[in-house]
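The structure displayed is predicted, hence computed values, not measured ones.
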Protein chains: 2
Amino acid sequence: MFSNDVKGSEAAQPDETKAERTRRKVYDTAMTLFRERGFDETTMRDISQQAGMALGTAYYHFPSKEAIIASYYESTQYRHHAYVVEHLSGHKALQDRLKMVFHSKIEQVQGDRRLLGTIFRYTGDPQHPLSVLGEGTRSLQQQSVATISLALRGERFPREIAELLPVALWGLQMGALLYLLYDTSEGQTRTFRLMDQSLALTVQLLSVARKPLLAPIITPILRQVSGILGDARINLQPPIKQPPTKE
Amino acid sequence: MFSNDVKGSEAAQPDETKAERTRRKVYDTAMTLFRERGFDETTMRDISQQAGMALGTAYYHFPSKEAIIASYYESTQYRHHAYVVEHLSGHKALQDRLKMVFHSKIEQVQGDRRLLGTIFRYTGDPQHPLSVLGEGTRSLQQQSVATISLALRGERFPREIAELLPVALWGLQMGALLYLLYDTSEGQTRTFRLMDQSLALTVQLLSVARKPLLAPIITPILRQVSGILGDARINLQPPIKQPPTKE
DNA sequence: GTCTATACGTGGATAGAC
DNA sequence: GTCTATCCACGTATAGAC
């Protein structure tokens, strides 16, 4: 739907074409203004003026203001994935890995809370290409699940848990992002605490669930949850098991 | 923030003032157009023209298009509460009561799925008076929790559960509404099934949690969840224990 | 292909006359 | 309370320069 080659890095590459440079200029200027004033308060005319170009030029590279946000949306997912891949080997225990994945996600968007809100705005419109739950962002959703699932690499879980855990964690991440939006505490410490506690609880529950004594009670419940979600067609497991990392 | 005397009933009252009649006319016309074409596709000019009045007149009664949606938002909560109060005595078992409460909520907004999406649009902006999670709708949130809690009347739960259940059910309702938005199944049967299954599971879990054998395992977990939520200041218990029903 | 300059129509919102 | 006139920002279109 939207073109997509700005990757969010604001460092210019030397072999950029002129068009790419202009496009980046639009993107960077827009992001700066969005962060300063907010999305709605920034007009395409502001952006083009600030970037020192004509209105038509900005529109030439981005069909709409939303398209700029779409680029940002994609770039965050891309960068998060890259970060996680790079830092995975430094964390061995499950809880450490989960913390790393979730912390980096929050830190990444921490300075852009207002922008984040702009992305959530389309959630109520399933048809909108930017709806975080809609068809239009399906591949981003699956990528996100895949990124999170990297933290689970090498772990062995019972079938039922292995099936539910990735989506559950994705939901947790969504919840954390939403909470972040509303978190006015200094440095958003509340969000981090909420996340850490939730993850600790999760890991704890996972180990409880593994106890053979409790299995007969827990397994049917998990099956039931699985059934409900499956029935509701809530399923974000990406079709490819491995995320796009060459190896 | 927004004025609020349209209660969503489209039946005119005989003792209405002229202003009230005009206001209702604006509201009713707007709702009809919103339902037919959608919120964004309906202009204030459309509304005023269809209602046979000047643009300025419509704006005199509603300071903005959003204010009309705000009225709708309030009226649904009001009507749901009234419905639940009226039908509570017909349902004795907990699960029946929950089903009644949740079904009526969904049925009430079933025809307005697009409008519902419009309400969710402001969730990303904590400052916005219409954000479903924001300060601006706090009292509506608490009313909604109170309405749901009516289904729990007379039930006895352990402290930890009694504390968590209302918010949890509110979250479930939010989830169901969100799911409804995306549910294209005939008559939204999927949403109803998802809800029924979730409620059945909930009731089942409640009875499991009551078993004395499992209490030592479950209670500390619930305490922990309670602690996390409390820490995060997620608390929607209305300050008044009893919702506004005279008795 | 990339960019500028300019103009038009639409829609939300407001001011002021009646 | 109601209407008319108006403002302003937006998306879009276009004609042409390089």
Side chains of [X] and [Y] only: does a donor on one sit below 3.5 Å from an acceptor on the other?
| X | Y | result |
| --- | --- | --- |
| A:His80 | A:Ser104 | yes |
| A:Tyr182 | B:Ser131 | yes |
| A:Thr147 | A:Gln77 | yes |

Sub-3.5 Å pairs of nitrogen or oxygen atoms, protein against nucleotides 8-10 of chain D:
unit_1: D:dC10; atom_1: OP2; unit_2: A:Thr43; atom_2: OG1; d: 3.1

Which residues satisfy the salt bridge (charged side-chain N to carboxylate O under 4.0 Å, His left out) test with B:Asp125, sequence neighbours excluded?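 For B:Asp125 there are no salt bridge (charged side-chain N to carboxylate O under 4.0 Å, His left out) partners, ignoring immediate neighbours.
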Sequence neighbours excluded, which residues qualify as side-chain contact (heavy atoms from CB on, under 4.5 Å) partners of B:Glu135?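 Partners of B:Glu135 by the side-chain contact (heavy atoms from CB on, under 4.5 Å) criterion, ordered by chain and then number, come out as B:Arg138.
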Cationic tip of B:Arg114 above B:Phe39 ring, under 6.0 Å, 45° of axis: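 B:Arg114 over B:Phe39 ring: no.
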Check ring pair (Phe, Tyr, Trp, His ring centres under 6.0 Å) between A:Tyr179 and all other residues, then give those that pass, not counting sequence neighbours.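 Ring pair (Phe, Tyr, Trp, His ring centres under 6.0 Å) check on A:Tyr179 returns nothing, list empty.
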What orientation do B:Tyr122 and B:His128 show, parallel under 30°, tilted 30 to 60°, or perpendicular over 60°?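 Because their plane-to-plane angle is under 30°, the rings of B:Tyr122 and B:His128 count as parallel.
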Using atom CD of B:Gln49 as one end and atom P of D:dT4 as the other, report the distance to the nearest whole Å.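 Going from CD in B:Gln49 over to P in D:dT4 covers 12 Å.
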Segment of DNA chain C, first to last nucleotide, that comes within the 4.0 Å heavy-atom reach of chain B: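 Both ends considered, the range comes out as C:dG11 to C:dT14.
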With a 3.5 Å distance limit and no angle check, can you tell me whether B:Arg113 reaches the backbone of B:Leu180 through a side-chain donor-acceptor pair?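 Checked: pair present.
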Pairing of A:Lys65 and A:Asp46 as salt bridge, 4.0 angstrom limit: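 No.
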Within residues 116-126 of chain B, which residues have any heavy atom lying less than 4.0 Å from an atom of DNA chain C?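 Contacting residues: none.
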